Protein chains: 2
Amino acid sequence: MAHRVTINDVAARSGVAISSVSSALNGRPGVSEATREKILAAAEELGFVPSVRGRSLAGKKTFSVGLVVHRDPDVLELDPFFGGFIGGIESYIDERGFALVLQTSPGASEILERYRRLAAGRRVDGVFLNELEVDDARVPTVQDLGLPAVGIGADDAFPLPSVRQDHRPGIDALVEHLTELGHTHFAFVGGPPRFVHSRQRELAWRESLTARGITPGPVVDGGFTYEGGIAAANALLANRTRPTAVICANDLSAMGFIAQAQHHGFDVPGDLSVAGYDGIQLGSYLRPTLTTIQTSPNQIGFEAARLLLQAIDGEPTVDVNVPAAELVIRHSTGPVPSSN
Amino acid sequence: MAHRVTINDVAARSGVAISSVSSALNGRPGVSEATREKILAAAEELGFVPSVRGRSLAGKKTFSVGLVVHRDPDVLELDPFFGGFIGGIESYIDERGFALVLQTSPGASEILERYRRLAAGRRVDGVFLNELEVDDARVPTVQDLGLPAVGIGADDAFPLPSVRQDHRPGIDALVEHLTELGHTHFAFVGGPPRFVHSRQRELAWRESLTARGITPGPVVDGGFTYEGGIAAANALLANRTRPTAVICANDLSAMGFIAQAQHHGFDVPGDLSVAGYDGIQLGSYLRPTLTTIQTSPNQIGFEAARLLLQAIDGEPTVDVNVPAAELVIRHSTGPVPSSN
DNA sequence: GAACCTAACCGAAACGTTTCGGTAAACAAG
DNA sequence: CTTGTTTACCGAAACGTTTCGGTTAGGTTC
């Protein structure tokens with residue numbers, strides 16, 4: 001295997017000191033235009049690529065950022081968020097020479113330990129905090145460690161830089177859509193209440209209804225899963241005074257809900273309108289196709305990466321709001337059934 | 001921010017040289033049991049965590065491995081393979097202090113460049129080569145670079161260490177299942193032929209049929225996508241001599257196929273049996289639930305990681321075959337329709 | 001008790017960068 | 001011509017480990 005070309009080789013080749021090579025390559029002042037070009041030429045000829053190892057030791061940076069995804073059984077398989085999110089992160093950090101270090105955590109209990117380990121060995125320069133929980137334990141942890149971090153979808157009082165996508169306009173538009181179709185009996189299939197975004201979505205639903213003078217109906221936890229959607233359908237459709245419009249906190253639970261509703265003999269949207277949240281591609285493949293609220297994981301990832309790199313560089317950051325999630329009307333919602 | 005505790009602090013605290021600390025912590029000989037314990041205690045008290053930066057420079061290793069996933073629009077979102085695969089990788093490398101560096105590549109053309117970059121800065125110690133293509137350009141690339149690599153699902157003649165999961169038993173069982181149901185007209189919805197696994201699955205289908213004296217029917221490219229499955233259904237069901245049993249190279253195209261078949265008024269499995277390949281969780285949520293062949297991405301990831309770390313350590317490797325993918329009979333396959 | 005061996009431990013170099021203080025040269029100001 | 005200032009460049013330290021040759025102390029052997 002060919003000897004790796006180092007900064008010394010470039011220095012020797014261009015007849016200058018390595019410090020000058022470093023300055024030239026990093027666009028720092030203190031080197032004349034003539035020698036800069038000479039150095040760049042030498043580096044080019046030798047095919048010099050700076051060693052991430054060397055520069056991370058010297059520069060106190062690892063040039064990588066971390067993301068911990070808690071993998072219950074198959075989050076990565078079924079959670080559509082991560083794909084786009086990771087893609088968005090990549091598209092920003094790549095050009096800046098950063099890499100994404102991904103860790104999976106088997107259970108909620110290990111997740112803190114994962115962050116600790118990433119931070120302790122200074123394996124990453126910063127981390128993303130996704131799926132924030134209420135009073136999330138990761139926040140004090142990264143603060144203690146002095147590890148730059150960016151929160152995703154945080155509440156207003158969040159103490160770290162964060163990226164948000166407003167859910168209220170989408171949910172409000174959805175509620176408006178449904179009320180225009182005549183619906184007055186609304187239910188909500190939420191996510192686990194420990195998650196901030198579970199609460200946010202439910203709150204938006206509640207506020208949107210009360211603002212229209214409609215009393216919010218029952219709320220059940222669908223756990224963001226298909227099975228949770230099934231259970232929610234069982235719970236909500238047993239009563240005689242069942243809702244005619246059901247809004248689910250994510251698409252997956254909406255899918256389970258619809259399937260189970262159909263299993264019980266209900267027609268969607270004939271007897272019952274159901275909507276999801278996320279906008280996963282699969283929603284357009286279902287029968288009926290899924291009315292949902294389209295989020296922008298890609299954009300969120302991009303902005304989060306931008307913020308995180310700013311924070312790492314010690315620059316001040318200002319929280320960003322990506323354009324609000326938008327309502328996508330498809331065929332799982334329709335007119336309220338005539339009360340017969 | 002508290003001063004980072006280094007190996008020097010541990011050495012000072014336990015009154016020995018840093019070299020002894022290094023030896024003690026890495027379980028190397030040359031240090032008595034007594035001092036080893038003293039050192040371990042000191043390290044524990046100080047909360048010492050070796051800096052990945054330092055050790056990677058000195059040890060000529062970065063303690064990370066790379067995976068490039070080509071992200072067309074939303075591979076990560078819809079391709080169920082990666083979730084389990086990444087999980088499997090993690091569960092092995094984590095304990096060994098390795099991390100996974102994930103890169104996404106917008107298009108097929110950039111993917112080589114991505115591997116080059118990972119290798120050039122020696123950002124990773126080795127890479128996984130997934131979704132192998134026929135005459136894959138990555139193979140000579142990593143060989144030139146001297147970068148350890150492990151192939152996933154390679155053909156027999158593959159020149160690098162590799163992990164395989166035999167598809168033949170599953171496909172053969174599926175064909176047997178269908179022939180027992182009376183089917184004799186088989187079609188295949190394949191993947192892009194440039195992928196090794198596309199060819200493998202089609203070949204297995206072909207061999208299984210001919211072994212039973214059945215002439216393989218038409219083959220169309222479903223591109224591993226939902227839309228491809230739709231197109232395949234349009235192509236295969238237009239003819240009057242349509243197949244009664246369709247095997248798709250993955251679940252997603254099978255889903256598209258079924259949806260479109262239903263759209264054309266066919267009952268699945270009444271008029272037509274359709275099976276997929278992969279075993280994604282979603283398959284059990286469909287109506288009808290999807291007969292498929294269950295693969296083990298998690299196990300493949302685990303074994304691939306094991307092999308890769310062996311290769312990185314310069315140990316000899318022996319290719320591994322994880323247990324073959326297994327047939328899962330659900331409700332998208334049924335008796336051949338009585339020829340009326 | 002001299003000669004030898006071995007285990008335990010130490011010191012310093014090495015890895016490939018960045019950074020910083022310093023020096024020499026060129027130039028301007030007086 | 002002296003003094004001061006700037007610019008270009010150099011040399012060496014620093015980052016936190018691993019590794020390796022060397023030294024010491026303790027124990028064997030004869």
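None of the values given here were measured: they were computed from a predicted structure. Chain A is the first sequence line, chain B the second, and so forth, proteins listed ahead of strands; every chain is numbered from 1.
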Checklist outcome for this item: Among D/dT17, C/dC15, C/dG11, the one nearest any side-chain atom of B/Ala17 is C/dG11
Item to check | Nearest-angstrom distance from the residue atom CG of B/Leu25 to P of D/dT19 | outcome: 13 Å
Checklist entry - Among C/dC15, D/dT18, D/dT17, which is the nearest nucleotide to the side chain of B/Lys60? => result C/dC15
Checklist entry - Is the closest side-chain donor-acceptor distance between A/Ser32 and A/Thr35 under 3.5 Å? => result yes
Next on the checklist: Can you confirm whether A/Arg123 sits close enough to A/Ser64 that some side-chain heavy atom of one is under 4.5 Å from a side-chain heavy atom of the other?
Outcome noted: no
Checklist entry - Does a side-chain N-to-carboxylate-O contact under 4.0 Å join A/Asp313 and A/Arg96? => result no
Item to check | Parallel, tilted or perpendicular, as decided by the 30° and 60° cut-offs, for the rings of B/Phe195 and B/His197 | outcome: tilted
Checklist entry - Roughly, in whole Å, what's the span from CG in A/Asn8 to P in C/dG16? => result 8 Å
Checklist entry - What are the two closest heavy atoms between A/Leu46 and A/Val5, and how far apart are they? => result O-CG1, 3.5 Å
Item to check | Length of the CZ-P vector between A/Arg122 and D/dT17, whole Å | outcome: 13 Å
Next on the checklist: Measure CD1/B/Ile7 against P/D/dT19 and give the value in whole Å, please.
Outcome noted: 11 Å
Item to check | For atom CZ of B/Arg4 and atom P of D/dA14, their distance in whole Å | outcome: 19 Å
Next on the checklist: Is there a side-chain contact between B/Asn26 and the phosphate of D/dT18, meaning an N or O under 4.0 Å from OP1 or OP2?
Outcome noted: yes
Item to check | Nucleic acid contacts of residues 27-44 of chain A, taken as heavy-atom distances under 4.0 Å to DNA chain D | outcome: A/Gly30, A/Val31, A/Ser32, A/Thr35
Item to check | Rounded distance (Å) that lies between atom P of C/dC15 and atom CG of A/Asp9 | outcome: 11 Å
Checklist entry - Any side-chain N or O of A/Ser22 under 4.0 Å from OP1/OP2 of C/dT18? => result yes
Checklist entry - Is the distance from OP1 or OP2 of D/dT19 to the nearest side-chain N or O of B/Ser19 less than 4.0 Å? => result no
Next on the checklist: Between A/Val49 and B/Ile18, which residue's closest nucleotide on DNA chain C lies nearer the 5′ terminus?
Outcome noted: B/Ile18
Checklist entry - Checking side-chain hydrogen bond (donor to acceptor under 3.5 Å, both in side chains) for the pair B/Thr6/B/Arg4: CA distance, chi angles, key distance, verdict? => result CA-CA 6 Å; B/Thr6 77; B/Arg4 243 194 83 73; over 6 Å; no
Checklist entry - Could you give the CG-to-C1' distance, from A/Leu57 to D/dA13, as a whole number of Å? => result 13 Å
Next on the checklist: For a quick test of reading the model: is some side-chain N or O of B/Arg55 closer than 4.0 Å to OP1 or OP2 of D/dG16?
Outcome noted: no
Next on the checklist: Given the structure, check if the side chain of A/Thr6 and the base of C/dG16 hold any donor-acceptor pair shorter than 3.5 Å.
Outcome noted: no
Checklist entry - If you find the nucleotide of DNA chain D closest to A/Val16 and the one closest to B/Ser23, which residue's nucleotide is nearer the 5' end? => result A/Val16
Checklist outcome for this item: Of the listed D/dC10, D/dG16, C/dT17, the closest approach to the A/Phe48 side chain comes from C/dT17
Checklist entry - Would you say B/Glu44 has more than 12 foreign heavy atoms packed within less than 6.0 Å of its CD? => result no
